[in-house]
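Order of listing sets the numbers, starting from 1, for every ligand and every atom in it. Computation of the quantities below employed the complete heavy-atom set of this structure, encompassing side-chain atoms and omitting hydrogens, waters and symmetry-equivalent molecules.
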Amino acid sequence: MEISEVKNADSSQCMRVAVNIRPLITSELLLGCTDCISVVPSEPRVQIGSHSFTYDYVYGGMGLPCSALYDDCVAPLVDALFHGYNATVLAYGQTGSGKTYTMGTNYTGEESNGGIIPKAMESIFRRVEAMKDSTKFFIKVSFIEIFEDKVFDLLDPNSSVFSKAEGASFAKPTMHARVPIRIRETMNEGITLVSVTEVEVMTKEEMATQLSRGSHSRATNLTNMNSQSSQSHAIFTITMEQNKISHCLAGAINDDLGDDILRAKLHLVDLAGFVRAKRTGADGRRFKEGIHINKDLQALGNVISALGDKKKRKEGGHVPYRDSKLTHLLQNLNLQDSLGRSSKTVMIACVSPADINVEETINTLKYADRAHNSQNKAVINREPMAAQEQRMRSSNISSTSDDGAQKLNILEAQVAQLLKQIHRTDKAAKRFLESRKASSSCETSSAENGNGPGIQTLMQAIEHWLEVTVRVYKVCAEYERQLEEEKDSDIRDLKEKTVKLSSYGRQLEMQKPNPQQLVKS
Ligand SMILES: Nc1ncnc2c1ncn2[C@@H]1O[C@H](COP(=O)(O)OP(=O)(O)OP(=O)(O)O)[C@@H](O)[C@H]1O
């Protein structure tokens, strides 16, 4: 594996903000529009009227060339994906500002305008090919849209849209033909998308096919400001699981990876453009759509602000994820990490330079400015417990380091991993006991005398169970210690998790099977 750029990057800042100024387009030129935004030479700073804003990068309008956007902003996230980090690209801006163009979400497979998603696909598969002798990859994609507060599966194979989409000519779906994805509340107060389609892809072409299928199903409309205006927020998610091939474990391909399975997601989000009804000529249903879009974007801005407001967080301020389907979903699709602390995120604020759009452009720049204040930490998503412990060691969690946020981050990830392990062990043991019960009448003598492979498996499961329970207690103790020390907005959340985890540990201990009794039975 290539050496991590992530390590070299400034890992303390996970929300990077870039502004992309598209050129004046024909419709604006025909209206006689002129540029209203300028870029300060050699600085990532824009000037508009009396306002001045500084970001991480500014592209177009004589700032950096747009062609550099992918390499500067997205390539490091693709690199992060290969190192087990969740990563997110969010394209934000008014309608017609170039979000879909920049993301490449409307990719048809025929040609690429250099959009981010087609480039990311290219780079992922180039790298997968280069690593194929040392690492096994399992890559899948999902593609959803949030339209009028409902979530639709853009890759649903049962949707009528795909009946014609297989060939060259795509049939545009009618909105009523689609059934929204059911959303279910989970035990930990999150939500999950019931049976969302996740398609395994082995090649760039296969991934491109899914992208173009989904793009075609997306809700768009003709408005005064854009002939193909996206009326929904689209989230294209690439999930990558990588497992080192055993004969390479000894080789020094990347010591950092150990023998873990790394699983991480890259979310590519093309947000619907915010609109002013008067300007888009929206009425009736489209007016309603606009209200939904603006409400969602406002909610997203509030979440980003809350996360970026250090003072508020320190005072235990609430992060309003539940204010809209978009933010609630983003929180639950692992994006709470990307909007929060466990991931890497780039926001690309797209703007039109036309004076006719000055008000919207200033709004976008202000929004991006708020996001620019959100600074967070990232963690790698490793599977086994060992990785968590390694993280704990490497961050010197028991020391008096000032970096509370990172410690909490690590503990949070540990709890998630432990809960997964408990579930797995619990399930395996239950399965074993059930199968043992079912076959007890015709059990062979080897199992009856307690020396058979069945008993051995059970003993191993119980040992593992105990081991995990002890670890849970250890993490709980560490949690409690941290909570005493930390005065952070995450405390409430973490406290809840600690209580849940402790009670899980207690339950486990109570349910612990007694090997002697099992052998006798
Ligand atoms: N960098 C660019 N260079 C040239 N043309 C561009 C560029 N960015 C956008 N455009 C053009 O501007 C128009 C609007 O772009 P696009 O559809 O991507 O906007 P959008 O922000 O996604 O709008 P909406 O929110 O309404 O979907 C399109 O005709 C597109 O081809």
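Note on ligand 1: Met103 sits outside its first shell, no heavy atom being nearer than 4.0 Å. The closest approach between Cys66 and ligand 1 stays at or above 4.0 Å for every heavy atom of the residue. Using a 4.0 Å heavy-atom cutoff, Gly93 is absent from the residues neighbouring ligand 1.
We find that Arg126 and Glu129 are not joined by a salt bridge, their nearest charged nitrogen and carboxylate oxygen being 4.0 Å or further apart.
A donor atom on one side chain and an acceptor atom on the other are not found under 3.5 Å apart for Ser212 and Ser215.
Side chains of Tyr70 and Val78 form a contact here, defined as non-hydrogen atoms less than 4.5 Å apart. Proximity of Met207 to Phe236: side-chain heavy atoms (C-beta onward) are separated by under 4.5 Å at one or more points.
Remark: the backbone N or O of Lys136 is not paired with any side-chain donor or acceptor of Asn243 at under 3.5 angstrom.
The side chain of Pro23, and not its backbone, has at least one atom closer than 4.0 Å to an atom of ligand 1 (non-hydrogen atoms only; side chain from C-beta on). Within the 4.0 Å heavy-atom criterion, the part of Ile25 lying near ligand 1 is the side chain and not the backbone.
Here is the list of ligand 1 atoms found below 4.0 Å of a heavy atom in Lys99: 18 (O), 19 (O), 20 (P), 21 (O), 22 (O), 23 (O), 24 (P), 25 (O). Below 4.0 Å from some heavy atom of Gly273 lie the following atoms of ligand 1, by number and element: 25 (O).
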